[in-house]
Amino acid sequence: MRTVLLITRREFLARVRGRAFVVSTAVILLILVGYSLFVSSIDPGGDSGTSTIAVAPETEAITPSLRLAADDQGRIVRVLPVADAAAGRALVATGDADAALSGPPTRPRVDVDRSLGSGTGSVVTVATTLLAQQQLLPDPAAGDAAVAAAEPVVVAARPDDPAQGLRIGLGAFGAFLLFFSIQTYGAMVAQGVVEEKASRVVELVLATVRPWQLLLGKVLGLGAVGLLQLVVLTGAGLAVAGTAGLLVAGAGITGTLVSVLVWYLLGFTLYATVYAALGSLVSRQEDTQSVLTPVSIVVLIGFIAGFNLVLSAPTSTALTVLSLIPPWTPLVMPARIALGGVPVWQVALAFVLTAAFTALVLWLGGRIYARSVLRTGARVSWREALTGR
């Protein structure tokens, strides 16, 4: 094991001291800062500028004030008269109305699906205030108190989770970091194998160590580099998010960080072993990309599909299925865990499947590496790598 640790230390120090590590970390930090500032500038309650509001008969008096408030704010408001409050809530449930008003027009009940958008909310609030002022205009003394009480009561059928946005952001960012680390440092493993093979350094090294020790040392060394970068970027990301006011209590940050770490270790071990085995099939850097492309495409497909589903359909069946397929689980499952609500049995099943698949890859990858790394010249075929002939 000491030999493996020596190889791990050599790989780690060689990469950490390199310019590529510093530059890539700095670039991602800049992207992270820009992304956080962009997210903090977005109004989560914003909408398109058009509101559809259902109004019950007892609240009909507010309609002129709604139109006036909308005109003052440059918005478009569609008022839908309904038979009763229940009919208005039904329109909200089906998405045909943004809000349903019922009850006293100066203090109406506002039924919404998840939350009252800032635009629609502003129109309703101003409208109730205007109506209260008009109704109490003859009695200015009583007007101030009445106007102050003219505030709509918002009732959400499915209240928003204040930490949901942060969870989605953490999940998406974790998926990106894992994808970047696997692609970058996995490719470095393959390039290092090809360099040593082309220069015949590997022949000298393997005179004193076994092939599996060299392979394991490379995977651990570059995995430690990726993990270091992951920790640095995550720490910086949390600091930036805290400064921008994006952190929300109860967002499950600790659980997310632990899951990202666990799945990173599994995912990197899986893909780095594959990359090392594929790198041992060729003897020239020019041929490296051709053998890595199929695996890179698999990783890219999982990342793009998972990233888009996390942002657009975080509770979809497609995301659930994707997170249980071993080659893609390390990229997708941390994001699902960050979102919350993942059954324990699914996490356990994903871990068992990925661990078993990783063990298979380690065995197969070690076999290919041991039989191919000393063969120079023409590209080693899969048959030769697997059978040794």
Side-chain angles (χ1 to χ4, degrees), residues 39-140 142-168 245-246 248-251 312 314-315 340-341:
V39 171
S40 65
S41 68
I42 296 176
D43 176 14
D47 48 38
S48 63
T50 301
S51 302
T52 301
I53 302 176
V55 179
E58 68 271 18
T59 324
E60 188 178 356
I62 200 175
T63 298
S65 298
L66 287 173
R67 300 190 192 282
L68 182 60
D71 290 340
D72 288 341
Q73 297 178 30
R75 295 183 57 82
I76 299 174
V77 168
R78 294 176 58 236
V79 177
L80 300 178
V82 292
D84 51 33
R89 287 193 285 270
L91 289 177
V92 170
T94 58
D96 294 321
D98 299 305
L101 305 186
S102 59
T106 57
R107 190 174 174 79
R109 167 173 168 152
V110 184
D111 286 286
V112 296
D113 183 29
R114 291 187 177 275
S115 63
L116 184 61
S118 60
T120 304
S122 177
V123 169
V124 174
T125 301
V126 171
T128 56
T129 302
L130 287 174
L131 187 60
Q133 290 173 338
Q134 293 169 4
Q135 290 182 349
L136 299 166
L137 191 60
D139 186 3
D144 292 341
V147 169
E151 182 178 348
V153 179
V154 180
V155 179
R158 298 181 297 165
D160 272 338
D161 178 0
Q164 182 70 5
L166 177 60
R167 288 195 181 103
I168 292 176
L246 299 177
V248 178
S312 61
T315 59

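Everything quoted here is computed from the prediction, not taken from an experiment.
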Intermediate values then yes/no, side chain to side chain contact (heavy atoms under 4.5 Å, CB included), V82 and V55: CA-CA 6 Å; V82 292; V55 179; 5.9 Å; no
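When all heavy atoms of P64 and A61 are compared, the closest pair comes out as CD-O, 3.4 Å. Considering every non-hydrogen atom in both V92 and A99, the closest pair reads CG2-C, 3.7 Å. In terms of heavy-atom proximity, V77 sits nearest to I53 at CG1-CD1, 4.1 Å. Here the closest non-hydrogen pair linking L91 and A54 is CD1-CB, 4.1 Å. Closest approach of A69 and A127 over heavy atoms only: CB-N, 4.1 Å. The heavy-atom pair separating T128 from P152 by the smallest distance is OG1-CD, 3.8 Å.
The OG1 atom of T120 sits 9.5 Å away from the CD atom of Q73 when rounded to the nearest 0.5 Å.
Residues R75 and S51 bring a donor and an acceptor atom of their side chains to less than 3.5 Å of each other. Side-chain contact check for R78 and T52: at least one donor-acceptor pair (N or O, by modelled atom type) lies under 3.5 Å.
By the neighbour-count criterion of 12 heavy atoms within 6.0 Å, atom CD of E58 is densely surrounded, having more than that number from other residues, nucleotides or ligands.
Checking side-chain atoms of T125 against main-chain N and O of S122 turns up no donor-acceptor pair under 3.5 Å. In terms of modelled atom types and a separation under 3.5 Å, the side chain of T59 and the main chain of G103 share a donor-acceptor contact.
Screening T129, L101, D98 for a side-chain contact (heavy atoms from CB on, under 4.5 Å) involving V124 leaves a single residue, L101.
Within the 4.5 Å cutoff, the side chain of V155 has no heavy atoms near those of the V112 side chain.
Legend: residues meeting side-chain contact (heavy atoms from CB on, under 4.5 Å) with D84, ordered by chain and number and at least two apart, are A86, A87.
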